[in-house]
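One structure is given below, encoded as structure tokens.
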Protein chains: 2
Amino acid sequence: MKTLGYAILGLLAREELSGYDLKRLMEGRVGYFWQAKHSQIYPELALLEEGGFARHRLVEQSGRPDKKVYGITEAGREALQEWLVEPVEKPPTRDELVLKAYSVWLADPGKAARVFRERQAEHEARLAEYLEIEVWMENNLGESLDDVGSPDFAGYASLRRGIAAEREYAGWCRWISEKLENARSDGELAEGQASGAEER
Amino acid sequence: MKTLGYAILGLLAREELSGYDLKRLMEGRVGYFWQAKHSQIYPELALLEEGGFARHRLVEQSGRPDKKVYGITEAGREALQEWLVEPVEKPPTRDELVLKAYSVWLADPGKAARVFRERQAEHEARLAEYLEIEVWMENNLGESLDDVGSPDFAGYASLRRGIAAEREYAGWCRWISEKLENARSDGELAEGQASGAEER
DNA sequence: GAATACATGTAATGCGTTACATGATTTA
DNA sequence: TAAATCATGTAACGCATTACATGTATTC
């Protein structure tokens with residue numbers, strides 16, 4: 001089974017969901033660490049069912065299309081539990097922004113700074129969102145956030161990774177942006193590969 | 001042009017390289033933020049040449065196979081400079097370990113902790129490597145690390161992102177590992193989804 | 001009247017990895 | 001003598017995205 005299968009099982013282990021529900025979850029909060037389009041979700045659900053890891057029932061609705069609501073099976077839960085404790089390969093990183101940083105010596109510092117500032121703002125916005133959720137969780141879920149057997153704890157743990165990652169990335173963007181912006185005003189190190197100047 | 005093309009151009013802008021050289025760079029240091037196998041590199045080099053962004057000359061060697069040494073063209077440098085200041089889309093994250101964290105409430109805490117500890121060790125090892133390079137750079141490249149027009153600065157900037165990222169990830173792994181390990185000894189919250197116990 | 005939400009699928013395309021293919025030289 | 005390094009390619013496969021496809025009901 002591929003990772004997407006386990007991602008779906010992880011959600012179905014918490015509650016019954018339709019393909020459409022899964023799609024929205026993977027666009028939203030869960031999408032921070034795993035996402036998929038509906039074109040991937042529907043076939044994967046079929047595979048999970050074929051393998052006996054999930055099953056569905058039809059729910060008729062008035063005024064809306066009928067939907068297939070999926071639930072995890074005992075076999076699915078077992079497969080998920082086994083996967084959880086298998087060692088993970090550190091996946092290769094591919095970060096286009098760091099790639100740009102590596103060649104930034106060729107760019108006009110002012111223009112380049114804008115690219116990093118934009119990204120910084122995105123990470124800061126995301127961070128603010130996460131911090132709000134964290135506060136909400138700490139106020140409303142209290143006890144269970146310390147219980148490693150609770151889904152609340154698991155969600156909280158994932159969120160903490162999100163918070164740390166966004167903070168770290170934003171910080172790096174700020175650092176490099178400042179460097180680039182200061183260089184722009186510093187006349188001294190003029191001997192430039194950097195082409196245009198068009199300031200104003 | 002695809003990102004891999006710019007990755008290659010970014011390296012050719014610093015020095016002339018063969019496909020084989022590129023392959024090794026993308027396995028090593030540069031591989032932290034971008035990597036590619038030789039099966040991708042050779043065709044991409046051909047495309048770059050076709051587009052006029054790079055050109056090669058044959059270097060005959062004794063005792064080794066001949067090689068094609070590639071250099072960047074003026075058009076290549078311009079394309080690279082334009083790409084550098086174009087805004088970047090924040091790519092979707094796919095992190096299998098965070099995905100496991102999200103379902104960790106179903107796992108045996110002790111076994112799960114091992115998975116996170118393993119990963120923590122990997123990030124700490126990488127961090128140690130990077131910190132050594134940082135010290136070396138600060139001692140040997142001094143001046144140029146503050147000159148945003150220097151390739152040294154650009155390499156340093158990328159490295160700093162690597163350092164921050166490894167530290168952040170290792171920290172999160174440590175945090176969750178401790179939580180999981182403490183829970184194992186805490187008898188209190190026994191009411192467990194967690195199956196096995198087989199301690200010793 | 002147009003766009004968005006609900007709901008579920010298939011097909012085409014793109015990028016990356018693994019495997020296939022070849023061959024000389026150096027090191028263990 | 002077996003394995004690793006140098007050196008360059010092509011082919012097959014897998015996963016993910018975009019585009020194609022259809023249809024109702026609600027909201028703007």
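Naming: A, B, ... by sequence-line order, numbering from 1 per chain.
Distance, B/Leu45 CG to D/dA7 C1': 13 Å, rounded to whole Å. Between A/Leu47 atom CG and D/dA16 atom P there is a gap of 12 Å when expressed in whole angstrom units. To the nearest angstrom, P of D/dG14 lies 17 Å from CE of A/Met1. Straight-line distance from the CD atom of B/Gln61 to the P atom of D/dC6: 11 Å, rounded to whole Å. In this structure, B/Tyr42 atom OH and C/dA21 atom P are separated by 19 Å, rounded to whole Å. In this structure, the CD atom of A/Gln40 is 16 Å from the P atom of D/dA19, given to the nearest Å. Remark: P of D/dT5 and OH of B/Tyr20 are 7 Å apart, rounded to the nearest angstrom. Look at CD on A/Glu44: it is 13 Å from P on C/dG9, rounded to the nearest Å.
Using a 4.0 Å cut-off, some side-chain N or O of B/Arg94 falls inside it from OP1 or OP2 of D/dT17. Contact between the side-chain N/O atoms of B/Lys23 and the OP1/OP2 oxygens of D/dA7 is not found at any separation under 4.0 Å. Between A/Lys2 and D/dC15 there is a side-chain N or O to OP1 or OP2 distance below 4.0 Å. Dashed line: the shortest gap from a side-chain N or O of A/Arg24 to OP1 or OP2 of C/dT4 is not under 4.0 Å.
Of the N and O atoms on the side chains of A/Ser18 and A/Asp21, at least one donor lies less than 3.5 Å from an acceptor on the other residue. With 3.5 Å as the limit, one finds no donor-acceptor pair spanning the side chains of A/Glu44 and A/Gln40.
B/Met1 and B/Leu9 get closest at one heavy-atom pair: CE-CD1, 4.0 Å.
In this structure, B/Lys67 reaches the sugar-phosphate backbone alone: every heavy-atom distance under 4.0 Å involves primed, P, OP1 or OP2 atoms, never a base. Residue B/Ser39 is classed as a base contact, given a heavy-atom separation below 4.0 Å to a base. Nucleic acid contact for A/Lys68: sugar-phosphate only, since backbone atoms but no base atoms lie under 4.0 Å from a heavy atom of the residue.
Ionic pairing of B/Glu96 and B/Arg119 is not present here: no N-O contact between side-chain nitrogen and carboxylate oxygen is shorter than 4.0 angstrom. In summary, B/Glu27 and B/Lys37 do not engage in a salt bridge, as defined by a charged side-chain N under 4.0 Å from a carboxylate O.
In terms of position on DNA chain D, the residue among A/Thr3 and A/Ser62 whose nearest nucleotide sits closer to the 5' end is A/Thr3. Position along DNA chain D of the nearest nucleotide to B/Pro92 versus B/His38 favours B/His38 as the more 5'-ward residue.
Distances were taken from every side-chain heavy atom of A/Pro65 (C-beta onward) to each of D/dG9, C/dA7, D/dT17; the shortest belongs to C/dA7. Set against D/dT18, C/dC6, D/dT10, the side chain of A/Lys37 has D/dT18 as its closest nucleotide.
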